[in-house]
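Keep in mind that this is a model prediction, so the values were computed, not measured. Just so you know, these numbers use all the heavy atoms, side chains as well, and skip hydrogens, waters and symmetry mates. Each ligand, and each atom within it, is numbered from 1 in the order the structure gives.
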Amino acid sequence: MKVGIVGSGGREHALCAILRKSSKISEIFCFPGNAGTSTIAQNIDLDANNFEDLKNFVLKQKIDLMIIGPEKPLVDGIVDYFEKYKIKVFGPSKIAAQLEGSKIFTKKICQKYKIPTAKFGIFQNKIDSKKYLEGCNYPAVIKADNLASGKGVYICNNQKESDTAINEIFDGKFGEAKNILIEEFLEGEEMSFFIISDGKTFKCFSTAQDHKRVFEGDKGKNTGGMGAYSPSRLISEELEEKILKKIIKPTILGLSELNSNYRGFLYAGLMIVDNDPYLIEYNVRMGDPECQTILPRLKSDLVKIINSCCDETLDKTSIEWEDKKSLCVVLCAKGYPDSFQKGTEIPNLSNILPDTGDYLFHAGTKKKDNKIVVNGGRVLNFVSVSNDFKTAREKVHKIIEKVNWTDGFYRKDIGYKVIN
Ligand code: AMP
Ligand code: GLY
């Protein structure tokens, strides 16, 4: 069968590489993909936000299944659009994608179904927001309601910082703001928890721990993710049961009462406080870099799993995992998450031949005159699957040293909570 993947990051290269292992796949198209996907699939230079051009290509090429990687096209309704043209597509509908598209939508579901989450208030203007904070303890968490590419969250330690956050959000830094969300700060350990759903049944799709801050020791600015490991050290049968009962099942119920059955990957960003889960946010897709560290542990055929979600037969499909530890380190362009240089060459990549259990997934790369050049801040993902996290990290570091890219940097402490 022919499969199309929308997106251009490390997540999409990982999806592409793991799908490639399936004997059912004849051809993969990436819209637009990166230098990594171009070696195992056909990159199509179409804008992922131009649904009409995508649809025309998909129909012309008779692509059997479309998989949507990033949140923006999902929140903008690409699934509803493709379905109008009878294109088989894996991902949630526009209504369900509001779980990521509007933090306030999610908070209202939490309120209605008593899902544990940080206490919060919703405000419509600067004056009311600032007044509310007068009686609150710091740190306070202030969030823009809409999609903000991971940048609309402020952890404020004092009034000066909260004033800045409120002003920036209402002044339109993340688009027009009718509302703002102010939350209590939860202290605990974060975990990324995934399920996959066909709209009738869902199954767990493993866990991971992301490292969002740019510098070692979890210091510096938030990024899209500097590395991850899977599974999370926190997960246990008891905790999984709590997460499903208190968070996932009531959310799925809430969506079904809005006449929207959830189909796709669902990523719950959780804070675990004293072995109890609190929902921080939902994402309506796989995480990046969580996807890169989770998928290499999958033993079952990914295309079979995704197809069964589109055909509502997930209940008959088994999902098996390697009982191993996987760790991913992201190599970034110097300057990220602020400004960095695009177009510089990444040398030595042709010398990198990963061993079995090692993976190199491209993210912000593209091919130019037969060279691989930087096209985004998070550039390459190095993953190793091993019997323990320490060995996995050592293998990853050895490969990165071979690349020896002087314009790049990476966190050397990914997985520090699971490695002495
Ligand atoms: P979000 O985009 O909602 O995932 O927020 C980005 C990051 O901010 C999260 O990964 C957490 O590290 C942090 N964060 C968000 N909300 C809270 C909260 N209520 N308490 C503590 N940390 C939070
Ligand atoms: N790794 C965080 C995210 O994908 O949103």
### Message
As an exercise, identify every atom of ligand 1 less than 4.0 angstrom from a heavy atom of K143.
### Response
3 (O), 15 (C), 16 (N)

### Message
Distance under 4.0 Å to a non-hydrogen atom of K212: what atoms of ligand 1 satisfy this?
### Response
10 (O)

### Message
If the cut-off is 4.0 Å to any non-hydrogen atom of D210, which atoms of ligand 2 fall inside it?
### Response
1 (N), 2 (C)

### Query
Which of the numbered atoms in ligand 2 are below 4.0 angstrom from a heavy atom of G287?
4 (O)

### Message
Checking the N or O distance criterion of under 3.5 Å, is ligand 1 in contact with E183?
### Response
yes

### Task
Determine whether the side chains of T391 and D388 contain a donor N or O and an acceptor N or O closer than 3.5 Å.
yes

#### Entry: Under 4.0 Å to a heavy atom of F185 - the qualifying atoms of ligand 1, by number
20 (N), 21 (C), 22 (N)

### Message
If you measure every N or O of A118 against every N or O of ligand 1, does any of those distances drop under 3.5 Å?
### Response
no

#### Entry: Atoms of ligand 2 close to R285 [distance to a heavy atom under 4.0 angstrom, numbered from 1]
3 (C), 4 (O), 5 (O)

#### Entry: Selection from I155, D210, L186 by shortest heavy-atom distance to atom 23 (C) of ligand 1
I155

### Proximal atoms of ligand 1 relative to K103 (non-hydrogen, under 4.0 Å)
2 (O), 3 (O)

### Query
Do R393 side-chain atoms and I414 backbone N/O form a donor-acceptor pair below 3.5 Å?
yes

### Query
Would a 4.5 Å heavy-atom cut-off, applied to side chains only, mark I78 and V89 as touching?
no

### Message
Please report whether ligand 2 has a polar contact with D288, defined as an N or O pair separated by less than 3.5 Å (distance criterion only).
### Response
yes

### Message
Give me the atom names and distance for the closest heavy-atom approach of E216 to K412.
### Response
OE2-N, 2.8 Å

### Query
What is the ring orientation for F409 with F215, classed by angle as parallel under 30°, tilted 30 to 60°, or perpendicular over 60°?
tilted

### Query
Can you find a side-chain donor-acceptor pair between N167 and K130 that sits under 3.5 Å?
yes

### Message
Can a side-chain donor-acceptor contact be found between T37 and N43 if the only test is distance below 3.5 angstrom?
### Response
yes

### Task
Answer yes or no: does an N/O atom from E290 fall short of 3.5 Å to an N/O atom of ligand 2?
yes

### Task
Below 4.0 angstrom from a heavy atom of I280, which ligand 1 atoms are there? Numbered from 1 as shown, please.
3 (O), 15 (C), 16 (N)

### Task
Using a strict cut-off of 4.0 Å, indicate which atoms of ligand 2 neighbour a heavy atom of G224.
1 (N), 2 (C)

### Summary
Honestly, for E187 the part within reach of ligand 1 (heavy atoms, under 4.0 Å) is neither

### Message
Using heavy atoms and a 4.0 Å limit, tell me yes or no: is M271 in contact with ligand 1?
### Response
yes

## Note on the structure
ligand 1 to E281, heavy atom cutoff 4.0 Å, flagged ligand atoms 1 (P), 2 (O), 3 (O), 4 (O)

### Query
Is it the case that R378 and T223 place a side-chain donor and acceptor less than 3.5 Å from each other?
no

#### Entry: Between E290 and Y229, a side-chain donor and acceptor under 3.5 Å
no

### Query
Hey, do the aromatic rings of F194 and F265 have their centres closer than 6.0 Å?
no

#### Entry: Heavy-atom closest pair, residues E345 and W405
O-NE1, 3.5 Å

